[in-house]
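Data block below; observations after.
Here is how names work: the chains are called A, B, and so on, in the same order as the sequence lines, proteins then strands, and each is numbered from 1.
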Amino acid sequence: MKTTWKQARWNEPLVYILGSKETTGYTIPYYEELAELKKKLGYTPREELGAIYRDELPEIPGLSEVELVRHYTRLSQMSYGVDIGPVPLGSCTMKYNPKISEELVKTPYIQTLHPYQPEESVQGLLEILYELEQWLLELTGMDKCSFQTPAGASGELAGALMIRKYFRDRGEERDEMLIPDSAHGTNPASAAMAGFTVVKIPTSERGTIDINALKSALSSKTAGIMLTNPNTLGIFEDEILEVEKLVHETGALLYYDGANLNGIMGIARPGDMGFDIVHLNIHKTFSAPHGGGGPGAGVVCARGELVDYLPRPLLVKKDNKYVWDYSCSKCIGRIRAYYGNIVPLVKAYIYLASLGGELVREAAIQSVINTNYFIALIRNIKGYELPYDPDKPRKHELVISAKPLARDTGITAEDVAKTLLDYGLHAPTMYFPLIVEEALMIEFTDTETKKEIEFYAKVLEEISKRAYSGDKSLKKTPTNTSIERLDVVYGNHPRNVAPTYRVYKRLRGEK
Amino acid sequence: MKTTWKQARWNEPLVYILGSKETTGYTIPYYEELAELKKKLGYTPREELGAIYRDELPEIPGLSEVELVRHYTRLSQMSYGVDIGPVPLGSCTMKYNPKISEELVKTPYIQTLHPYQPEESVQGLLEILYELEQWLLELTGMDKCSFQTPAGASGELAGALMIRKYFRDRGEERDEMLIPDSAHGTNPASAAMAGFTVVKIPTSERGTIDINALKSALSSKTAGIMLTNPNTLGIFEDEILEVEKLVHETGALLYYDGANLNGIMGIARPGDMGFDIVHLNIHKTFSAPHGGGGPGAGVVCARGELVDYLPRPLLVKKDNKYVWDYSCSKCIGRIRAYYGNIVPLVKAYIYLASLGGELVREAAIQSVINTNYFIALIRNIKGYELPYDPDKPRKHELVISAKPLARDTGITAEDVAKTLLDYGLHAPTMYFPLIVEEALMIEFTDTETKKEIEFYAKVLEEISKRAYSGDKSLKKTPTNTSIERLDVVYGNHPRNVAPTYRVYKRLRGEK
Amino acid sequence: MLKKIGVSSPWDLFSDIPRELILEKPPRIGYGRSLSEYEVSRIVNSKLSQNRLFLDPPPFIGGGLCLHYVPAVVEHLVSRSEFYTAYTPYQPEINQGLLQVLFEYQSLVADLLEMDVVNASMYDMSTAVAEAVLMALRVTKRRQVLVPSTMHPEHYEVLKTWLLGHDIKLVKLGYDRETGYINREDLDRKLAANDTAAVYIEIPSYLGFIETEPEYIAEQAHKHGSLLIVGIEPLSLGIIKPPGRYNADIVVGEGQPLGLGLNYGGPLLGLFATKMDRKLLRQLPGRLIGVTKTIDSEREGYIMILQTREQHIKREKATSNITTNEALMAITATIYLSLLGGKGLRELAESIWIRSHYLANRLSELPKVRAPLFSSPFFKEFVVEFPIEYKYVFEKLLEKDILGGLGLEGPPLYNSRACLFCVTELHSRKDIDRLVEAIGEIL
Amino acid sequence: MLKKIGVSSPWDLFSDIPRELILEKPPRIGYGRSLSEYEVSRIVNSKLSQNRLFLDPPPFIGGGLCLHYVPAVVEHLVSRSEFYTAYTPYQPEINQGLLQVLFEYQSLVADLLEMDVVNASMYDMSTAVAEAVLMALRVTKRRQVLVPSTMHPEHYEVLKTWLLGHDIKLVKLGYDRETGYINREDLDRKLAANDTAAVYIEIPSYLGFIETEPEYIAEQAHKHGSLLIVGIEPLSLGIIKPPGRYNADIVVGEGQPLGLGLNYGGPLLGLFATKMDRKLLRQLPGRLIGVTKTIDSEREGYIMILQTREQHIKREKATSNITTNEALMAITATIYLSLLGGKGLRELAESIWIRSHYLANRLSELPKVRAPLFSSPFFKEFVVEFPIEYKYVFEKLLEKDILGGLGLEGPPLYNSRACLFCVTELHSRKDIDRLVEAIGEIL
Ligand SMILES: Cc1ncc(COP(=O)(O)O)c(C=O)c1O
Ligand SMILES: Cc1ncc(COP(=O)(O)O)c(C=O)c1O
């Protein structure tokens, strides 16, 4: 399997080398009016601002429009997203995002709307958000959602704060949050930001939460538990109802990390499992593209009493009009300014409206089929193993370990990942979850084709063969990408840390 | 000067290999209605169409949307336009096209307009076209334009037919069209399509039309002369007024090939030079992008009596309303269906409105400065020469000859062109105009930066050095592009001619 | 830069232009000054928004162009700037992507038509018809051309214009008032002298009806040594037999339904195909992409082939003057076709067939309305005759925000009570019912 | 695929889910069936077009977000799908382009602020303020935070929420009614106990006015061992001294003016910068891109650095929980800044300054209108006080299709006759005159 793929490799210098602060490609609107208006005013910015006037031009290099276009177009060719090939990063749900969403949100009817313009003037948009909320409630089994949170982690923070406020209001001092050791890093981080002490719950050899450990952790200090289900191993917590009973019986709450609902949406609902609060990642399950790191949109939903604690404002329908409800007797307040990340939310609306209930369920099923088909393909490849009950079906994702490969050949999960790049493929998530050694966490989602999945498995097999045949070049991959393997240690060395060009220049003794 | 540039190289198979005719990424609107409507009709297409029903599915491979996006996105990365780097193809005016034009024409207010909807319902668009016409008249010195012609060649055909009709109406039998040997190939081709016999006029050693040869070619059979000015050598026909007198005196007409007005727009006008008909290439001078080969838009304009002969309909203002005037007592009729290539025309409007008169003139001046600056940079590079009065300033473009290089080192103009590609640059037009051996025809236009021009010159110098140092690899270039040098002879051999996949398969004995 | 050039003023570079030709002042263009991008967009948007949109319901007007749905992904991919800012791929090594797409275009259209050769596009269908006729004249060296009386009147006008420079007899064939079909006796009679270069037919015709036995015409034409040129509508080929099957020599068509907007009539996409035949190939107009190998024979790639037919090499002996064509529209059609696939195409064609027949049926229930006017099968467009002047109906529909069919008071039908309706995949049953109701109220 | 997996039904793959949890029927979502793309766009467009646009004249409403012009080229480049369909660049070798853009983002913002460290974005300014405060608490280990009373009321609310889990004293500083400035005595008094983690100030403030001598506040804060956090508006830095010059420790801001649409308030872009200081760097929230070399040391490239601060490694000890951020907005800002350049930025800032002052001047000519209400310099936004209830003015303006300023009946001003106007580069003299005339008529 020879690959002659090459990623574009432009020797594209930094914008600082290309531009100059005296150059601009921007045209000031109504420029010719300025001289007269200035005269009318009779004073200048410099005069008004005095000591706080900026004397020197900012060191921002400007480019002409054509230079700008070439620079960033070339850089785009050295980037890799779902539109280029599969990005099976586990825990990330990199599904393909239909172009219709991109097209429909590019309209002045969204882009120019001001958050403070009267509600009557944005009824169309609010209706979309309202219907979206109904659908998300249907999918989660919750009672009410807030659109405030701009990402999943923010949803977790909101949820954790809700739990804190809930117990404070009840006068209960509960400051422990239970979190499985397989959880996403944001869970403990969010809990800590909300002031909780994190109690780690181990994973049993079945790949699910260790019930006995849970039991002994639960106490009157327990505020709640944060769970992902299916968990980050892709395994459904089949004892979830037992967990629910135990937790609720101690008076604690259940938080559902629904960043990734892709494996069970339309099939089972966190509300039915007994969760009190849920957050959803619009940019994962609901098909808003990930934007190279963001924007996302989180939605945080709650049941029963917990609804009162949701961040405000909430969208409600009153006299057949959609309005923002700011009333907040118990709520945690605002989690960010304005109402939320509207654009990805509209994309979620378009996605769900297009699919409808049946195809939503189909998408979940397909994602699970894809996961298990891939497992079947790689099950017997030497060097990789499927930890935790390999016969249990996985849901939206799976985690393999390259530990045997590393042990036998010295080729690590990282080497495997880097070598995948050389075949024009994006690597899986590496070294997560932390409970699996040499972990490769893989999620194809529902939109990858059988062909792509098979090719991916074949390349993994090829890499194994190369490793066992003693091919040391695997340590030097990739070479077909725009740059060769990068030295992570070097860039992190305190002597070399250069987060900006001004620091970079200083490190090199330039002015 | 080492280059490590690599163009993206995807081993992207044909869509036939990727797709299947049973797959579709398209969603039929209101699909669920069809069953009932069909039932209501009581008969099927097959029943109605009978013998002419298509029994088998067309052999069109379908793709899912994600497959489609990856396929064509990857192919786009293996393409090269002005947004990637300079494309200094002489005679092509590949200037940068501001993105605002692309944005503004993507609106239902253009895209969904039907050519037969009432004129009252498209006044906004017609006003744009009308104002554009006024500006083009101002630039050309003509009296009236027709937007019909979809490209430059089509404008030439219209013009040649106008000349033919003009003389037919006058009862004069004139069927010779004079065309300089430096002219663009479309000129003789268009004249021939209009039924003229082409008489070639040689170029003098001054690089302009040979006046004596012109004199002896002129006769009572002469219908007209087609001229490009500045001509394809980039040289202004400084004896144009003399030419005009001679031609008009014989009773013949002057046609101006204004495909490329970039070197003199706002500075001198074909109308003032005495031309009777002019065509303009909206996709060159007026900043509509070239689309990988099209669409263009031609505009053909005329003066005096010739206005009556313009293709119809013409846009006129009547009682403060814009209407299409179909009246045609003498006109040549229609040159194509409907009114013209509207989208590029609107882009020309945006371009001219943005620039205004002064910047239009500035653009011309800058394009001429760029040409002559480049000449200054390469003047002394061994191996290249500037034929025809090297001290005369060139206008929008220049033609150098690599004859010395070919003679001394065996490295031809083609080798130079192919090697340029290896530096991430697009090659100039090669082997045109035909009157220059080993021609390289270069046009930077007004939008290339000084830096780019200097880099281009430096690479040409480097290539010369490599050639003179005996570097034979220049015959094997390019190697940094998505594919190595292609064999033009092979693909043109009658045994190998494969213009479609069905023929390709047949040649290889596949079904 | 001036210093390096060796001049002191840029005007020195214009010293060879006769003094009296140099304009004293910059031209009066635009708004008397340069405008910022924001100002331009404000101006252009305010002008354009004066246009009246008909989207709810979608327009029912036809006449060779109808509004179809352009999938967002098509628009997205055509907007890749590597494609649309490229020139004609004169340097194939650096433009393999573009060339492959164009080769796919030729191949897909070829399979749609079941013809072997497809060029890389003509300006539009009207000029494709003209080029096809000119090609037939060159191939056969004859001087008569037969065309249907019912053909698109603008295409006929274009053809006439393009033939101005040639001494050609352009003859219309009689047609059957009942079916719209070409009158066979007339055809036979006009072919008899064996001086006909080509017979041109349209399937479906401009008026929407479908000749179900083109084989007869093909045979007659070929028997008398003339070529058969067929004009098609590409979506109809989801359910209609491809012209390759009934022995067409040249096929032309309007590619607009394949993912292009209307854009008030342009740019469009002229489809042009022929048989794989030396004689035809040599006379083919336009650009052609083909497969070749690298000089080291290791890989296959794409180049422009048979360029020796073209104007930049053959000049006055070229097969056409065309150079700039409609490449981006060809790319659009390629993406559109690859999205649909054979099955999608069939389903789309069927849905258009069903919807247009549903409208005809419903209209025919109205008193004294003849819908369709012709008894033959039809696709997408069809003629309806009203008991009153159609102009009135059209105006009344406009008042109800409906863009009705195209009035046929002019050629080819000269029937002021008739119009040409177009129904596409865009028209829901509700949209169609709304039209029928509105007409019911008007009559 | 099922066969290869070894199951006979896909439901076998869900057999581990307790029976009672499995939904019997597909969820009731959307329109009861799947919709074609055309149907969805027709539905969405028809809903969205019910929103009311205010573009002529552009909106005069502010309150932290104002409508600015987004150049077409910015929108075009951000739409390159290699960027927007990428994930966080966990594999740097295959995402060098994206990483370089983000490094350029950090660098350009750093030069705009004259701060050395900029992270790869926060959600928005409100959360950036909250993260800055949390960071200051970690760095200083103190428990009091001082903020201006005039700060953005929503930012204040957010801050309060984010501090719910901590035992912190969030204290408002008094301000001068004449200038809007922080009361220095109050500041000194509250700093005196040396228990303040950070002093937060805004330049320009939420109400538009500009503190011209932040040096005093910086010195006082530092003298008492607390950090200075400054909230800025990025365009204003074309004419206002950058916070790096007056010794800010942490700088936050809303990046929306840098090429982002309003989008009804999201997504936005939280700017976050600090000094280059070990202690600060270790506590920095969010992602950071840095320069490194290839393992063979031949070339330089970009990677994510200092990831050990982040949640996926440090978990509950992380400096923040943020992972998904606003990368695409950061890309947008990068492109926008590189288009403007230093000079363009200055000119743009000046033009906004001129236009907003022109409106203030014109309004001040109206009887009993106080414009601006504060005597201090201002940028882009400013407070105006009317002789009548502002609510009435606002409603009347709406009737004239003008979206007026933001009423200030609530916090921080509680003045029902006052509003906050925002004037940007979008407002031509004519637009401004139109507003003034309309207000003249209303009063
Ligand atoms: C399981 C899980 N939880 C939480 C998150 C955090 O979501 P976000 O990145 O939107 O903050 C992610 C994704 O990163 C995730 O995969
Ligand atoms: C001088 C000249 N004339 C005519 C043409 C033909 O124009 P078009 O390609 O638009 O048909 C061209 C461009 O190809 C040209 O450069």
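Heavy atoms closer than 4.5 Å to chain C are found in the backbone of B/Ala194, but not in its side chain. With a 4.5 Å cut-off on non-hydrogen atoms, C/Asp16 touches chain B through its backbone and its side chain both. For a residue to count as touching a neighbouring chain, one of its non-hydrogen atoms must lie under 4.5 Å from one of that chain's; by this rule C/Lys4 touches chain B with backbone and side chain alike. At a 4.5 Å heavy-atom cutoff, B/Ile375 makes no contact with chain C through either its backbone or its side chain. Of the two parts of C/Ile94, the backbone and the side chain both hold a non-hydrogen atom closer than 4.5 Å to a non-hydrogen atom of chain B. For chain C, the nearby part of B/Thr23 is the backbone; its heavy atoms alone come within less than 4.5 Å. Residue contact with chain C, scored on non-hydrogen atoms closer than 4.5 Å, involves the backbone and the side chain of B/Arg336 alike. Contacts between B/Leu68 and chain C at a heavy-atom distance below 4.5 Å involve backbone atoms as well as side-chain atoms. Contacts between B/Phe432 and chain C at a heavy-atom distance below 4.5 Å involve the side chain alone, from C-beta outward. With a 4.5 Å cut-off on non-hydrogen atoms, C/Leu67 touches chain B through its side chain but not through its backbone.
At least one donor-acceptor pair under 3.5 Å links the side chain of C/Thr85 to the backbone N or O of B/Asp83. Without hydrogens or angle criteria, B/His426 side chain to C/Gln91 main chain gives no donor-acceptor distance under 3.5 Å. In this structure a side-chain-to-backbone donor-acceptor pair under 3.5 Å is missing from C/Glu326 to B/Gly294. Side-chain N or O atoms of B/Ser79 include one that pairs as donor or acceptor with a backbone N or O of C/Leu98 at under 3.5 Å. With B/Tyr16 contributing its side chain and C/Ser107 its backbone, the two residues share a donor-acceptor pair below 3.5 Å.
Here C/Trp353 contributes atom CH2 and B/Glu48 contributes atom CD; the two are 5.0 Å apart, rounded to the nearest 0.5 Å.
Of the charged side-chain nitrogens involved, none lies within less than 4.0 Å of a carboxylate oxygen, so that C/Glu93 and B/Arg485 do not count as a salt-bridged pair.
For C/Tyr264 and B/Tyr339, the gap between ring centers is short of 6.0 Å.
Looking only at atom types and distance, the side chain of C/Lys343 has no donor-acceptor partner in the side chain of B/Ser20 under 3.5 Å away.
Ring geometry for B/Tyr116 against C/His152 counts as tilted: the plane angle lies between 30° and 60°, on a 0 to 90° scale.
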